[in-house]
Structures are given as C-alpha cells and as structure tokens.
Protein chains: 2
Amino acid sequence: MRLSELSEKSGVKTATIKYYLREGLLRPGHRVSATQAEYDESHLRRLRLVRALIQVGRLPVATAREVLSHVDDESLGRTIRLGAALWSLPHGPDPDEEAPETAAAREEVERLLDRLGWATSQELGSLSPAHRALVSSVATLIRLGYPCDVEYLAEQARLMHQVAVQDLDMMETYPTEAEQVETAVASAVLYEPLLMSLRRMAQEEESARRYGI
Amino acid sequence: MRLSELSEKSGVKTATIKYYLREGLLRPGHRVSATQAEYDESHLRRLRLVRALIQVGRLPVATAREVLSHVDDESLGRTIRLGAALWSLPHGPDPDEEAPETAAAREEVERLLDRLGWATSQELGSLSPAHRALVSSVATLIRLGYPCDVEYLAEQARLMHQVAVQDLDMMETYPTEAEQVETAVASAVLYEPLLMSLRRMAQEEESARRYGI
DNA sequence: TCCTCTTGGAGAGTGCCACTATCCAATGGT
DNA sequence: ACCATTGGATAGTGGCACTCTCCAAGAGGA
C-alpha cells in the first residue's frame, strides 16, 4: 500500500508518518520507483505500536526509538532483549542524591525487598531503573510527609507480584520471541493506564460502599 | 519567610515560584510592605505538593490548579470534594467514538463490571473519567490485537480492588477532611508511579525465577 | 541621609518537542 | 501530453513550562 493508504488505515496524517520515518520509528517502505514506496501490514502494525507508545504511553520520540530498536534486535537473547527493552522505558525521575530523604528511602526499599524475599531485585539494586524509580517515589512521599511504611508497601508489592505473574503468563501464550518482547513492552506501557483506571474505579466502588454515593 | 527563603527551602527557583503564584497554584504570601511578602510552612507544604503533582504526576499546570481548587474547597462535602478532586485528575485520552473498536471495548467493560459486581461503576457509566479511560485503553489494546479478555481483566481488577481497599484504609487514618482529600489526591498521583515501579520489579523478579537472570 | 541591594511583580522571551505546512522534482494515471 | 500525486527535504508552528529582564518601592548599612 502507498503512504497515503497507510495514513488512511492508521488514522495518522501522512506528514506525521513522514516524520516518524525520518526519526527512524518506522522502517522505510519498499521503494518501487523514485517517487513511490510500498508499505505492508507490518508497517501498519508497527505504526499503531508507535502511536500507542507515544500517545498512550507518552514516550518521547527518542525513547520510543530506543525501545523499538531493542524489540527489533534479533541478535540478543530473550532475557537480555526483554530487559533491554523494558529498561529503556521511562521510569520517572532518578532519585535526587542530594536530598536527605533519598538515603532514608533507599533503606526503606532495602527493608521492603528483604521482607518480600526478592533476592534478584536486591542483587540488581540500583542498576534497575524500576528500583531507582521506586526509591525516588518513596523519597518524594517521605518529603511530603505521607506515610509509606514497609508493611503497607509490602502488601501492595505482593499484590503487584500477582499482577506480574499474570502478565508473564499472558506473555508466554505467544509463540515467537519477537512477539513476546513486543507484548512485554505493550504490557508495560499499555496496561499501566488500564491498571490505574481499574484502581481508580475500584476506589470509587469501595468509596461508595463505605460512604454511599 | 521571604520568597527567596521559600525558594531555598523547597529547592524551587524564585522565578518558578513567581510563575506558580501567577498561575494561582500557590496562594500569595501575606503582604508586609509594598515590596515584601511573608510565606509560612503552609506555603512550603503546598509548594512541595505542587512540585509533586507537576513533576512526579506530570500534571499540566492548568490541571494541577483545578485539582488543588477542589482540595481547597471547604464548601463541598467530603464525598463530592473527593470525587471532584479525583475526577479532575488526568485519565488519559477519552475514547475515540469514531473508531469501531470503541463499541467493542465498551461492551467488554460492561461485561467486566457485570462479572465483578461493581454496581456503582455500572451506574456511573461513562460519567466517570476512570471508566472512559478504561474503555479507551481496552479499545487501544483491541486495535493493536493484544488480548484482554474479561477473565484476565477481572483478575487484575480484583487485585486492584484490594489495592484500593488499602488506599482507603490509609486515607481513613487521617483525622481531618482536608488531609483526607489531599491524601487521596496524593495517593492517586504519587502512588501510581510507585505501584508501577513495584509491578516492574515484580516482573523482573518473577522473570528471573522462571528463566534465570 | 544617602547609596546600594533586594524584593515582588509583570511581560516578554527561551528552549524543547511533536508535529505540520510548504516546496520540489519525479512519476503514474488517463 | 498533462496534471494530480508521491516521497523526500526543510523550515515553520503551537503549546507549555519555565526563565530572563526590567522596574519601582522599600530595606539596610555606613
């Protein structure tokens, strides 16, 4: 199909598709002549993924490019490929090492992982962006004076672990490695807002049960 | 304290504080003379909350102002005040009514709520921003061809309900209504990245258990 | 008192970033 | 032959969160 057709099917303006091509988020179509190129279903699928990453996941274009490059990198083993893709996703700001709360937060996270028995996370420590993001979040909460004691966090973490188990189960239903990696990325980016919507609806539901409408 | 002192204690530049004052995110200080104003702890606390909303929660300034106005509105009852504050938080894009997937998504969500027995959410229907955001998320997943069958969603929703129960329990530990509302907002905005960090760490942990490092 | 420094306030400017409008030469369809 | 369309390159746009610059009115030290 032509660029304009790709545009129609995806609902993305041709100018924007050209921009994505320029930015390397989309592979160039197969050049048929000097003035025309042919695009196929894989381009359409990738374009939709790009839109999802950028619009739903709010990824900056440069970050989306990096994530996609890992998704595409067939030379890596699955674990590395998965890790590379997920670790290049945005995770919020890094902890501010200047702030005194950061040290306290780090200790708190340490205690949390200890209690949970998450040995891997402890070993990876601050290598993992998720770990750093967690420290940063906890530091912010401490700074603002909101409680986040280990007991509470541990309970939430156990629930998140159950979520993660389901995520991985779902990922495993895909046969090929490429699809699994893509699913993992989609899961990280697209299911996040979905889960948060569910959380807020659950809050509304529970609030109505407790206090009435 | 003076504006410059407020700036030092909060780590926010004076120019930025002035900007927040202009935008109505921060109440003006108590004018001591024509050229000086006095700020107190409440300003510092509010400033930190503003920074958290904008930097951690990525709220646009205009949205932050709206949220804060509800937090401050003493004339509302708790339930309404809470609802107003939470409903003005960002929830992702509204569903695209043009797209055919949206109708399917709406049905899917309907079935989900039915299975969960969340009567309130069903009644509120598309009034609730969280509900609309969920439809939008599900529509995106359908469009991209990712699975999100009711069974899977229901399981995740039940987990999120457990999260919500803890959220509300924690909110109830605060004595005053103002604090409860502020905590609810903070919970919605600040605990989201925290929970998502926990989810990704749990994914790493579970992934390591299944496939090794 | 006088001189300098700082303050709060207001408007214009900056930098970033995701697009988007404009051109252009080379087709392709009729 | 003729003209709309295509892919490609370049420059421009709009939104937004700051940030710079200026100004008049005190504050503060010698």
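All values below come from the heavy atoms of this structure, side chains included, with hydrogens, waters and symmetry mates left out. To find a chain, count down the sequence lines: A is the first, B the second, and so on, and within it residues start at 1.
Closest of all the heavy-atom pairs between B:Thr16 and B:Arg51 is CG2-NH1, 3.9 Å.
What separates CD of B:Gln36 from C1' of C:dT7 is a distance of 6 Å, to the nearest Å. With rounding to whole Å, A:Tyr19 atom OH is found 14 Å from D:dT10 atom C1'. Residue A:Leu3 contributes atom CG, which lies 14 Å from atom C1' of C:dT20 at whole-angstrom precision. In this structure, A:Leu6 atom CG and D:dT6 atom P are separated by 12 Å, rounded to whole Å. Between the CG atom of A:Leu47 and the P atom of C:dC19 there is a distance of 11 Å, rounded to whole Å. The CZ atom of B:Arg58 sits 22 Å away from the P atom of D:dG15 (whole-angstrom rounding). Spacing between atom CZ of B:Arg65 and atom P of D:dC18 amounts to 13 Å, rounded to whole angstrom units. Between the CG atom of A:Leu21 and the P atom of C:dA18 there is a distance of 16 Å, given to the nearest Å.
A donor-acceptor contact closer than 3.5 angstrom is absent between the side chains of A:Thr63 and A:Glu66.
Note on A:Asp72 versus A:Arg65: no salt bridge recorded, every NZ/NE/NH1/NH2 to OD/OE distance being 4.0 Å or above. Salt bridge status for B:Glu192 with A:Arg200: present, with a side-chain N to carboxylate O gap under 4.0 Å.
The residue among A:Glu5 and B:Leu59 whose nearest nucleotide of DNA chain D is located toward the 5' end is A:Glu5. Across the interface with DNA chain C, nearest-nucleotide mapping of B:Arg31 and A:Lys18 shows B:Arg31 to be the residue nearer the 5′ end. The residue among B:Arg2 and A:Met1 whose nearest nucleotide of DNA chain D lies closer to the 5′ end is A:Met1.
Among the heavy atoms of the strands lying under 4.0 Å from B:Ser4 are primed sugar atoms or P, OP1, OP2 only; no base atom is included. Base engagement by A:Ala15 is indicated by at least one non-hydrogen atom pair under 4.0 Å involving a base atom.
A sub-4.0 Å separation between OP1 or OP2 of C:dT7 and a side-chain N or O of B:Thr14 is absent. Taking only side-chain nitrogens and oxygens, B:Tyr20 comes nearer than 4.0 Å to OP1 or OP2 of D:dC18. Look at B:Ser33 and you won't find any side-chain N or O under 4.0 angstrom from OP1 or OP2 of C:dT7.
Atom CZ of B:Arg111 has more than 12 neighbouring heavy atoms from other residues, nucleotides or ligands inside a 6.0 Å radius.
The B:Tyr39 side chain lies nearest to C:dG8 when the options are C:dG8, D:dC18, D:dT19. Listed nucleotides: D:dT10, D:dT19, D:dA17. Nearest to the side chain of B:Lys13: D:dT19.
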